[in-house]
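Below is one structure, written out as structure tokens, with a few remarks after it.
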Amino acid sequence: MILETEQQVAAQQQRAQPEFHFATVAGVHSDGLSLYIGAETSPTEKHYKCNTTCKFAAGQKVYIQKAGGEYVVLFPIGNPVTEIFADRAEIANSVQSNDLETDRILLSANPEKDHYYAWSQTLGWRQID
């Protein structure tokens, strides 16, 4: 197909670009996220599906993309994370800490050897296979 006018070229480029947008999380629900999209002052009634590997909270700015006619929340936007903490992990139940308020627990794995490790400030490294 040969495009002859600037209007045709512009129209073709608009169709080819995916719709990416920013939104703010209004609420976290069991079936998805309610959002403030664009300049809206009231949250959406619809609960949008989201990336299940990210933790979302009300007030976070998020990146959304239109897919299949509706928005999907891809990930939160913000300052870089300097530490990642496990808030729930079944395998970490075997790691005990004397100071749960200030202790940090890190998880590490070597799936090729089926080895799993946990580290805490008070206990050091422990294998938790």
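These numbers come from the heavy atoms of this one structure, side chains and all, not from hydrogens, waters or symmetry mates.
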Counterpart residues, salt bridge (Lys or Arg N to Asp or Glu O under 4.0 Å), relative to E45 (two or more places apart)
none
Can I get a per-line list of side-chain donor-acceptor pairs under 3.5 Å for residues 24-37, giving both atom names and the distance, sequence neighbours left out?
from, atom 1, to, atom 2, distance (Å)
H29, NE2, S34, OG, 3.1
D31, OD1, H47, ND1, 2.7
D31, OD2, H47, ND1, 3.3
S34, OG, G27, N, 3.1

Taken in chain and number order and not counting sequence neighbours, the residues that satisfy salt bridge (Lys or Arg N to Asp or Glu O under 4.0 Å) with K49 are none
Could you check Y48 against I64 for side chain to side chain contact (heavy atoms under 4.5 Å, CB included), going step by step and ending with a plain yes or no?
CA-CA 10 Å; Y48 293 93; I64 60 177; over 6 Å; no
Euclidean distance, T53 OG1 relative to F75 CZ, rounded to 0.5 Å
10.5 Å
List the atom of K66, the atom of Y71, and the distance in Å for their closest heavy-atom pair.
N-CD2, 3.7 Å
